[in-house]
Amino acid sequence: MLKKILLGILIVPLGLAAVVYNAMYQPLVQVPKIGRGLPSNFEAADQEFQRRVLDRFPLPMATTELVAKLRRQGIEIDHGSRLARFSRSGFPCNLNWRVSWVDEDGQVVAIAGEFGAVCV
């Protein structure tokens, strides 16, 4: 029993130290331009991000052109699921920007943006 208590006393501070370190010393990766300066309210931010995606990527558009534009902003592409995403981890929230699209014969015929967060 004493071992478990001592182990708990050691693990909790280490966990907290890891959280603080991650929040303070996260790599300086910039949020893609399309996702910067969103409202602080998550619902409003999601709506604004959706609007930006629709404005910046007018349809129809070649899928290769969309993918190239997203990559230039540092957004990770998953071709199989037709999804582009960028995440930023920090305390107290992990932020996520996603762009998904429908491809027909190499053309994007539908596109959507989604911004969300998971907070402790």
Side-chain angles (χ1 to χ4, degrees):
M1 181 70 171
L2 183 59
K3 273 186 172 180
K4 288 183 181 180
I5 293 172
L6 291 175
L7 189 59
I9 290 172
L10 179 64
I11 290 175
V12 170
L14 287 175
L16 289 173
V19 168
V20 169
Y21 178 85
N22 186 40
M24 293 178 64
Y25 300 105
Q26 182 180 21
L28 299 175
V29 176
Q30 278 201 336
V31 171
K33 187 176 179 180
I34 194 170
R36 292 182 201 159
L38 293 174
S40 58
N41 174 284
F42 290 136
E43 186 176 336
D46 180 48
Q47 291 172 357
E48 173 62 17
F49 185 65
Q50 289 178 45
R51 186 195 64 73
R52 290 180 188 183
V53 167
L54 294 173
D55 285 350
R56 299 233 177 116
F57 305 113
L59 302 180
M61 173 185 282
T63 303
T64 54
E65 181 182 357
L66 173 66
V67 167
K69 286 181 176 185
L70 292 168
R71 270 206 180 113
R72 279 195 294 272
Q73 291 199 40
I75 301 174
E76 176 186 326
I77 308 294
D78 181 346
H79 289 283
S81 63
R82 295 180 181 93
L83 179 69
R85 64 183 147 234
F86 181 85
S87 298
R88 179 164 235 175
S89 299
F91 184 79
C93 298
N94 293 331
L95 306 176
N96 301 291
W97 295 260
R98 292 186 186 93
V99 177
S100 58
W101 63 92
V102 176
D103 177 303
E104 289 182 4
D105 299 321
Q107 292 290 310
V108 178
V109 296
I111 192 165
E114 178 186 1
F115 172 76
V118 177
C119 301
V120 292

To the nearest 0.5 angstrom, please state how far the [atom1] atom of [X] sits from the [atom2] atom of [Y].
X     : Y     : atom1 : atom2 : answer
Phe86 : Gln30 : CZ    : CD    : 9.0 Å
Gln47 : Asn41 : CD    : CG    : 8.5 Å
Leu70 : Arg85 : CG    : CZ    : 12.5 Å
Arg71 : Glu76 : CZ    : CD    : 10.0 Å
Arg51 : Leu38 : CZ    : CG    : 10.0 Å

Shortest non-hydrogen separation from [X] to [Y] and the atoms involved:
X      : Y      : value
Pro32  : Ile75  : CG-CG1, 3.6 Å
Arg98  : Phe49  : O-CE2, 3.3 Å
Pro39  : Glu48  : CD-CB, 4.0 Å
Gly35  : Trp97  : O-NE1, 3.4 Å
Ala84  : Trp101 : N-CZ3, 3.7 Å
Gln107 : Pro60  : OE1-CB, 3.9 Å

Under 3.5 Å donor-acceptor, [X] side chain and [Y] backbone:
X     : Y      : answer
Thr63 : Gly106 : yes
Asn96 : Ser87  : no
Gln73 : Lys33  : yes
Arg52 : Ile34  : yes

Problem set entry | In one Ile/Leu/Val/Met/Phe/Trp/Tyr side-chain cluster, 4.5 Å: Met61, Leu54 | yes
For this session: Report the residue from Leu59, Val102, Asp103 that forms a side chain to side chain contact (heavy atoms under 4.5 Å, CB included) with Val109.
Result: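 For Val109, the side chain to side chain contact (heavy atoms under 4.5 Å, CB included) test succeeds with only one of Leu59, Val102, Asp103, which is Val102.
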Problem set entry | Validation row: Glu65, Val108 side chains within 4.5 angstrom (heavy atoms) |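 No - every pair of side-chain heavy atoms lies 4.5 Å or more apart.
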